Amino acid sequence: QVQLVESGGGLVQPGGSLRLSCAASGFTFTYYAMSWYRQAPGEERELVADITGISGRTSYADSVKGRFTISRDNAKNSVYLQMNGLRPEDTAAYYCYVPSFASWGQGTQVTVSA
C-alpha cells in the first residue's frame, strides 16, 4: 500500500548538482518522518538525511552536511534531496524511506564522474 517513487538521478560532473524527488502515497504523509539513504556498490546502505513529520526538523550525515538539503512538501506528499557540490564518493543508488513503515522506494542512481 505504501508507495515511494524516486526520480531525479543521473550522471553529473564533480561539483555539480542534482535534485532528487520522492513521491509518496498510501499513507498520511504529513505525520511521518522521511529519510534518504544511499548505497554504493560493495558498501552498506547508509542514512544520508532525514526530516521529521510536521515539525520538519532535519538531520544529515557528516559526509553531506553543508552540501545536501532535505525538504518536504506535505501538500504534494513529496520529499526532496537537493545535492550540491557533488563528489565522486557521492556516487550511489539513492533511496527514499519511511521509517515507520520500513518501506523503501525503488532507488534512483546518482553517478558523479568527470
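In this text the structure is predicted, and so the values were computed from the model without any measurement.
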Task: Sequence neighbours excluded, every pair satisfying disulfide (SG to SG under 2.5 Å) that has a member inside residues 19-102 - done: Cys22-Cys96
Open item on the list: Tell me whether Ile51 shares a hydrophobic cluster with Leu4, the cluster being built from Ile, Leu, Val, Met, Phe, Trp, Tyr side chains joined at under 4.5 Å.
Closed with: yes
TODO: Return each pair, listed once, that meets disulfide (SG to SG under 2.5 Å) where at least one residue sits in residues 39-72; pairs must be two or more places apart or across chains.
DONE: none
Task: Heavy-atom side-chain proximity of Leu11 to Ser113 below 4.5 angstrom - done: yes
TODO: Using the disulfide (SG to SG under 2.5 Å) rule, collect all pairs that involve residues 32-94, keeping only residues at least two apart or in two chains.
DONE: none
TODO: If a pair satisfies salt bridge (charged side-chain N to carboxylate O under 4.0 Å, His left out) and one of its residues is in residues 93-114, list it, with sequence neighbours excluded.
DONE: none
Indicate every side-chain donor-acceptor pair of residues 42-49 with a distance under 3.5 Å to a residue at least two apart or in another chain.
{"residue": "Arg45", "atom": "NE", "partner": "Gln39", "partner atom": "OE1", "Å": "3.2"}
{"residue": "Arg45", "atom": "NH2", "partner": "Gln39", "partner atom": "OE1", "Å": "3.2"}
{"residue": "Glu46", "atom": "OE2", "partner": "Arg38", "partner atom": "NE", "Å": "2.7"}
{"residue": "Glu46", "atom": "OE2", "partner": "Arg38", "partner atom": "NH2", "Å": "3.3"}

Task: Partner of Met83 under side chain to side chain contact (heavy atoms under 4.5 Å, CB included), chosen from Val64, Val110, Val112, Val12 - done: Val110
Task: Pairs satisfying side chain to side chain donor-acceptor pair (under 3.5 Å), at least one member in residues 66-77, at least two apart - done: Arg67-Asp90, Arg72-Asn74
Open item on the list: I'd like to check the side chain to side chain contact (heavy atoms under 4.5 Å, CB included) partners of Gln3; sequence neighbours left out, ordered by chain and number.
Closed with: Ser25
Open item on the list: Between Thr91 (side chain only) and Thr111 (backbone N and O only), is there a donor and an acceptor less than 3.5 Å apart?
Closed with: no
Task: Partner residues of Thr52 under the side chain to side chain contact (heavy atoms under 4.5 Å, CB included) criterion, sequence neighbours left out - done: Ser55, Arg57
Task: salt bridge (charged side-chain N to carboxylate O under 4.0 Å, His left out) contacts in which one or both residues fall within residues 102-114, not counting sequence neighbours - done: none
TODO: Considering non-hydrogen atoms only, spot the tightest contact between Pro99 and Ala33 and give its length.
DONE: CD-O, 3.3 Å
TODO: Enter the distance from Ile54:CD1 to Thr30:OG1 here, rounded to the nearest 0.5 Å.
DONE: 7.5 Å
Task: Counterpart residues, ring pair (Phe, Tyr, Trp, His ring centres under 6.0 Å), relative to Phe101 (two or more places apart) - done: Phe27, Tyr32
Task: Where at least one partner belongs to residues 34-68, residue pairs that pass ring-ring contact (aromatic ring centres under 6.0 Å, His included), sequence neighbours excluded - done: Tyr37-Tyr97, Tyr37-Trp104
Task: Residue pair Val2 / Ser103: nearest heavy atoms and the distance that separates them - done: CG1-OG, 3.4 Å
Distance-only criterion, 3.5 Å: show the donor-acceptor pairs between side-chain atoms of residues 13-20 and protein atoms not counting sequence neighbours.
{"residue": "Ser17", "atom": "OG", "partner": "Asn84", "partner atom": "OD1", "Å": "2.8"}

Open item on the list: Would the distance check show the side chain of Gln109 and the main-chain N or O of Tyr94 forming a donor-acceptor pair, the cut-off being under 3.5 Å?
Closed with: no
TODO: Please name the pair of heavy atoms, one in Phe29 and one in Val79, separated by the smallest distance, quoted to 0.1 Å.
DONE: CZ-N, 4.2 Å
Open item on the list: Using side-chain contact (heavy atoms from CB on, under 4.5 Å), reason through Ser21 and Ser78 one step at a time and then give a plain yes or no.
Closed with: CA-CA 7 Å; Ser21 298; Ser78 294; 6.0 Å; no
